[in-house]
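For reference, the structure discussed in these notes is given below.
In listed order, ligands and their atoms are each counted from 1. All values below come from the heavy atoms of this structure, side chains included, with hydrogens, waters and symmetry mates left out. In this chain, numbering begins with 1 at the start of the sequence shown.
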Amino acid sequence: MKTADELTDLFRERGLRMTPQRQVIFRLLHDNDRHPTVESLYDAARTDMPTISLKTVYQTVHDLETMGEVELLDVGTGSIRVDPNVDRVHHHLVCRQCGTVRDVLLDIADLRVPARYRREFTVEAVEVVFRGVCDDCASAGPTAT
Ligand SMILES: [Zn+2]
Ligand SMILES: [Zn+2]
């Protein structure tokens, strides 16, 4: 993902309003590989900028998505995750207990839909999600329910 300064220029070029609130979000997302939810970005942004609203965070994230600077992922954790790592094609490891999402670089060039299914369907993208339990959750043992 681009730096906060680069994104600021990009927003201005497109005639989008640039505010200190938005810059806080850019900074929080830069080099962030934790796939934060919009709500957790909002929480983090509020420590820097107590006046920021959840609506501003949503709007900024959606503007970034429209510009192709972030991807919004639904990996089945119950909330949309913001993924600023759009420079490299990658896939995800998802912990079913804590919802941690980690990037995986792997080559799936050979993963193809068999020809008979392709007759009536054009594949545009492939996303691989590995589901399981992260080490932190595994060492904590099963959650009491
Ligand atoms: Zn976990
Ligand atoms: Zn990712």
Side-chain angles (χ1 to χ4, degrees), residues 1-50 52-114 117-118 121-145:
M1 180 170 161
K2 297 185 173 66
T3 64
D5 286 347
E6 289 169 335
L7 287 171
T8 301
D9 290 346
L10 214 60
F11 266 55
R12 288 210 174 106
E13 273 167 31
R14 296 189 175 220
L16 291 166
R17 218 158 56 91
M18 205 45 241
T19 59
Q21 282 85 353
R22 292 191 147 191
Q23 274 169 317
V24 169
I25 300 166
F26 295 168
R27 278 201 299 274
L28 286 171
L29 282 172
H30 186 65
D31 276 342
N32 184 330
D33 62 359
R34 302 181 56 85
H35 305 84
T37 63
V38 174
E39 291 76 12
S40 73
L41 278 177
Y42 171 59
D43 285 341
R46 267 193 307 178
T47 58
D48 270 8
M49 183 76 57
I52 198 165
S53 71
L54 183 58
K55 189 169 168 262
T56 299
V57 182
Y58 268 106
Q59 187 61 51
T60 305
V61 164
H62 280 286
D63 286 343
L64 287 167
E65 188 204 19
T66 305
M67 291 158 61
E69 298 298 330
V70 300
E71 228 176 285
L72 301 184
L73 300 176
D74 181 355
V75 285
T77 53
S79 358
I80 296 295
R81 312 294 287 254
V82 184
D83 192 343
N85 184 6
V86 291
D87 298 329
R88 303 182 77 175
V89 173
H90 66 275
H91 302 276
H92 294 103
L93 302 175
V94 178
C95 175
R96 65 177 159 78
Q97 280 190 27
C98 66
T100 292
V101 179
R102 285 175 50 199
D103 288 342
V104 189
L105 296 172
L106 79 160
D107 184 4
I108 56 162
D110 293 337
L111 186 64
R112 308 198 63 169
V113 175
Y117 299 103
R118 272 187 270 134
F121 193 88
T122 304
V123 174
E124 294 178 334
V126 184
E127 292 163 23
V128 177
V129 175
F130 297 91
R131 297 192 185 280
V133 183
C134 74
D135 277 358
D136 286 349
C137 290
S139 59
T143 44
T145 45

Item checked: Test: Lys2 and Asp9 ion pair at under 4.0 Å -> no
Next item on the list: Using the six-membered ring wherever Trp is involved, compare the ring planes of His90 and His92 and label them parallel, tilted or perpendicular (cut-offs 30° and 60°).
Entry: perpendicular
Item checked: Distance-only side-chain donor-acceptor flag, Asp103 / His35, under 3.5 Å -> yes
Check: What protein N/O/S atoms are found closer than 2.8 Å to the Zn ion (ligand 1)?
Finding: Cys95 SG, Cys98 SG, Cys134 SG, Cys137 SG
Notebook entry, point to check: Side-chain contact, heavy-atom cut-off 4.5 Å: Val82 with Leu64?
Noted result: no
Distance-only, no hydrogens or angles: does the [X] side chain make a donor-acceptor pair with backbone N or O of [Y] under 3.5 Å?
X: Arg96; Y: Arg131; result: no
X: Asp33; Y: Arg102; result: no
X: Arg118; Y: Val113; result: yes

Note to self: Does Glu39, at its CD atom, have more than 12 non-hydrogen atoms belonging to other residues, nucleotides or ligands within less than 6.0 Å?
What the structure shows: yes
Item checked: Greater than 12 external heavy atoms within 6.0 Å of Asp135's CG -> no
Next item on the list: For the Zn ion (ligand 2), count the protein N, O or S atoms found under 2.8 Å away.
Entry: 5
